[in-house]
Amino acid sequence: MEKEKFYITTPIYYASGNLHLGHCCTSVYADSLARWNKMLGKDVFFLTGSDEHGQKVAEKAEKAGLTPQAYCDNLVKNFYELWDILNVKYDKYIRTTDSEHVECVQKIFKKLYDQGDIYLSKYEGWYCTPCESFWTESQLKDGKCPDCGREVKKQEEEAYFFKLSKYGEKVKEYILSHPDFIKLEGTKNEMVSFIDQGLNDLCVSRTSVKWGVPVPFDTKHTVYVWIDALPNYISALGYLSEDEANFTKYWPADVHLMAKEIARFHIIIWPAILMALGLPLPNKIHAHGWLTQSGVKMGKSLGNGFNPYVLCKRYGVDAVRYYLLKNGPILGDAPYDNESFLKLINTELVNDLANLLSRTSAMLVQNFDGELPKLSNNVLDIDKVLTDEVVNLTTEVSKHMQNLEPNNALNSILKVVRLANKYIEDTAPWTLKEDKQRLGDVLHNLYFVLHSVAVLMQAFTPQTAQKILEALKDTNAELSTISNEYNLKIFGNKVEKTALYQRLDIAKEIQYLEVDSLKETDKEEKMEDEETLKHKPNINFEDFEKLEIMVGKILTAEKVENADKLLKFNVKIGAETRTIVSGVAKHYEPEYMVGKNVLVVTNLAPRKIRGIESAGMILYAYTNDDKEFCFVTPEKEITDGALVG
RNA sequence: CGCGGAGUGGAGCAGCUGGCAGCUCGUCGGGCUCAUAACCCGAAGGUCACGAGGUUCGAAUCCCGUCUCCGCAACCA
């Protein structure tokens, strides 16, 4: 009989920088599902990879003085390394720069073009000549190029478009008629309402971006991300290649796993492409939440992504895996902080699990010289309650994993671990020194709990599971061993007293993570930051002289209606008083600003903002991530109207 | 009237196909000594954002209204 297949994917991560703890969530999550389904005996195919094309990658490469390909090759090594450290065991790693992928993309593009789902048209945007870049209206910064700050002009670019509009309704129908397609109700609603707003055709090529897959029949174009990145899920299986065996076998995917910011691409665009190709849609798409820090998405750009390397190195891979799977954003967002991470490891992994192994193995060594005694047939109710829970655990875990909920699976496992600790309390083995048979039974049952827990935990924390099995001298780790029959059969294994994990000193570790470790990691981060620190082109003195900056005193400050970020000021500058609007409401209460001396650019052309004419600009200092922000004020009291230069 | 998500004991979350409000951490009290100051038991603590709103025998759970918070969008000289 043919084995049931299980095809699961993570997104292909963008190769423009190193990965952070958020990426680890998705990959470890997918890995646990892959491992579990393997344990169930399924023929599993687990795909991950990297998205390596596009403008951003090309820019990064240039800055690093490398060709884009070399840049990607280097970076992807880090990706491999991270997954290796985290024990993420994928079956295939796809790179969008792989020749098989490139060919597949070209064939797909051609096919869609030939059948009329891709057509040539014009794409209108803002063009920055020096940067050779197109920007959309919303990307522009102050109406200028967000990269170099120079003027942009409206320009048309020839581009290919995918007829997304043609498939919107069909995708919607599919979503509505397949309740299991999207795991979260909220995501589903959002997608449907997005479709209801009406879909535009999708621009799927660029002439301005050189680093990409050339459009096969029109090579001045490169294929834009949608048709390049998304089809990785089928190109990796050999779709449209000479060997489609994997494709036939594994497609459609059983689970596409990702974080919620790319839900729309996977739930609307990707199905539309598949429909156009006449292919079946994936069975399930799950867009999980974000790992957040006080409500902010964790990410490289915010500089707050906790370094997975540091965490793994100091606390072990499984501590990180355990945390991500148990407390991670499996459904909605989940907050991360070091203290809760350390606490979780201490209470569940150390106090509950490791300690259970420790006390059980210690008693086996003390009373039976470490040799697991045979189970007698004198089964008490209290034994049965425990072993029933254990035997039932496989079903529980299975149910949760079917629902893509490793957090709940771990919860069920932990419950049994706690029950076992209670079992020790209730049976009080230390009072049974005289009754060797009863003592033997109790310890045997505890051994069975540990065995079963270790077997199940292979899907979540493989190293820990392995260590427990080794400590138990237990070689059979099949799921089927979690049964009363197996419990009866095992004996004689020579157990050693084992300490799985050491307790963490939480205060000390927080100190380490939040102070000491930063010294080490900051080096890299800083280099990265310096690399991205952009200076504007030099100006000469005459340019500078054009500026007029003066000291002003804020007389009044108030919020601007219908604008979250704007404050309106009346600023006294010498004899005159001006109205100036600034986007600083997030940073300052209006009352606080009143009476402050500030620096004002006074010869800036007035501009209307939200209907208010703003005559000048107040100067502020801020970091890139906007985390630090202040206004600039003279070092001591000085008469307003004073010149700055 | 932009789109969407969320408001549940000190913290973090679950429950939301309606039926005595649950989990982990924390706090307080007790027990045990096999174990990594770990483990076990008990207690305190919530009018489930608000509306003496609607439906119902019964609502955290469904409906209506209000407020607040968070993303995205807009604004940010």
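Quick note: numbers below take in every heavy atom, side chains included, and nothing from hydrogens, waters or symmetry partners. A, B, ... follow the sequence lines: proteins, then strands. Residue 1 opens every chain. All values reported here derive from a predicted model rather than from experimental measurement.
- Within 4.0 Å of A:Tyr501, counting heavy atoms only, lies at least one base atom of the nucleic acid.
- For the P atoms, the distance linking B:A52 with B:A38 amounts to 49 Å, nearest Å.
- Comparing A:Lys422 and A:Val581 against RNA chain B, the residue whose closest nucleotide sits nearer the 5' end is A:Lys422.
- The CG atom of A:Leu504 sits 16 Å away from the P atom of B:U36 (whole-angstrom rounding).
- Rounded to an integer number of Å, the gap from A:Leu331 CG to B:G15 C1' is 13 Å.
- With the nearest nucleotide of RNA chain B identified for both A:Pro429 and A:Val417, A:Pro429 has the one nearer the 5' end.
- One P atom belongs to B:G7, the other to B:C75, and the distance between them is 31 Å to the nearest Å.
- Base pairing analysis places B:G9 opposite nothing; no Watson-Crick or G-U wobble pair with both distances below 3.5 Å involves it.
- Here the C1' atom of nucleotide B:A38 and the NZ atom of A:Lys343 are 16 Å apart, to the nearest Å.
- Side-chain atoms of A:Asn355 lie closest to B:A35 of the nucleotides B:U36, B:A35, B:C40.
- Both the sub-6.0 Å distance and the 45° axial angle are not jointly satisfied by A:Lys596 relative to the ring of A:Phe569.
- A distance of about 31 Å separates the C1' atoms of B:C34 and B:A44, rounded to the whole Å.
- Checking B:A35, B:U33, B:U36 against the side-chain heavy atoms of A:Ala362 singles out B:A35 as nearest.
- What you find for A:Ile573 and A:Asp640 is that their closest heavy atoms are C-OD1, 3.8 Å.
- Residue contacts for A:Asn421: at a heavy-atom cut-off of 4.0 Å it reaches the sugar-phosphate backbone alone, with no base atom in range.
- Contacts of A:Leu344 with the nucleic acid, taken as non-hydrogen atoms under 4.0 Å apart, are absent.
- As a whole-Å value, the separation of A:Lys415 NZ from B:U24 P is 8 Å.
- Going from the C1' atom of B:G54 to that of B:U66 covers 15 Å, rounded to whole Å.
- Relative to the ring axis of A:Phe460, A:Arg321 does not place its NZ or CZ within 45° and under 6.0 Å from the centre.
- Under the Watson-Crick and G-U wobble criteria, each requiring two contacts below 3.5 Å, nucleotide B:A43 is paired to B:U27.
- The same atom, P, is picked in B:G65 and in B:G4; the two are 14 Å apart, to the nearest Å.
- Residue A:Trp290 has its side chain nearest to B:G71 when only B:A35, B:C40, B:G71 are considered.
- Taking the centre and axis of the six-membered ring of A:Tyr501, the NZ or CZ atom of A:Lys467 falls inside the cone set by 45° and 6.0 Å.
- When rounded to the nearest whole Å, the span between CG of A:Leu357 and P of B:C34 equals 18 Å.
- Closest to the A:Gln366 side chain, of the nucleotides B:C39, B:U24, B:C34, is B:C34.
- Listed for the A:Asn408 side chain is no donor-acceptor partner under 3.5 Å among the backbone atoms of A:His400.
- Regarding contacts with the backbone of B:C39, a side-chain N or O of A:Asn351 is found under 4.0 angstrom from either OP1 or OP2.
- Side-chain atoms of A:Trp430 lie closest to B:U33 of the nucleotides B:U33, B:C39, B:G4.
- Side-chain proximity of A:Ser358 to the nucleotides B:U24, B:G5, B:U36 is greatest for B:U36.
- As judged by a 4.0 angstrom heavy-atom cut-off over every strand, A:Asn327 is placed among residues making no nucleic acid contact.
- On the P atoms, B:A6 is 15 Å away from B:C64, given to the nearest whole Å.
- One can place CG of A:Leu419 at 15 Å from P of B:C39, the figure rounded to the nearest angstrom.
- Under 3.5 Å, the side chain of A:Glu261 and the base of B:G71 form no donor-acceptor pair of N or O atoms.
- Neither OP1 nor OP2 of B:C13 sits under 4.0 Å from any side-chain N or O of A:Lys326.
- With both pairing distances under 3.5 Å, B:A35 is matched to nothing as a Watson-Crick or G-U wobble pair.
- Here the two rings, on A:Tyr315 and A:Phe341, have centers that are under 6.0 Å apart.
- Here the P atom of nucleotide B:C13 and the CG atom of A:Leu410 are 18 Å apart, to the nearest Å.
- Using a distance-only test at 3.5 Å, with no hydrogens or angles considered, no donor-acceptor pair links the side chain of A:His286 to the main chain of A:Lys183.
- A:Asn346 places a side-chain N or O within 3.5 Å of a backbone atom of A:Leu504 that can act as its donor or acceptor partner.
- Per the geometry, CD belonging to A:Glu425 stands 15 Å off P belonging to B:A38, to the nearest Å.
- Within 4.0 Å of A:Lys260, counting heavy atoms only, lies no atom of the nucleic acid at all.
- The partner of B:C3 is B:G71, judged by Watson-Crick or G-U wobble contacts that both fall below 3.5 Å.
- B:C48 and B:A59: their P atoms are spaced 12 Å apart (whole Å).
- A close approach under 4.0 Å does occur between a side-chain nitrogen or oxygen of A:Arg503 and OP1 or OP2 of B:A38.
- Ranking B:U24, B:G12, B:C34 by closeness to the A:Glu348 side chain, first place goes to B:U24.
- For the C1' atom pair drawn from B:G71 and B:A14, the interatomic distance equals 22 Å after rounding to whole Å.
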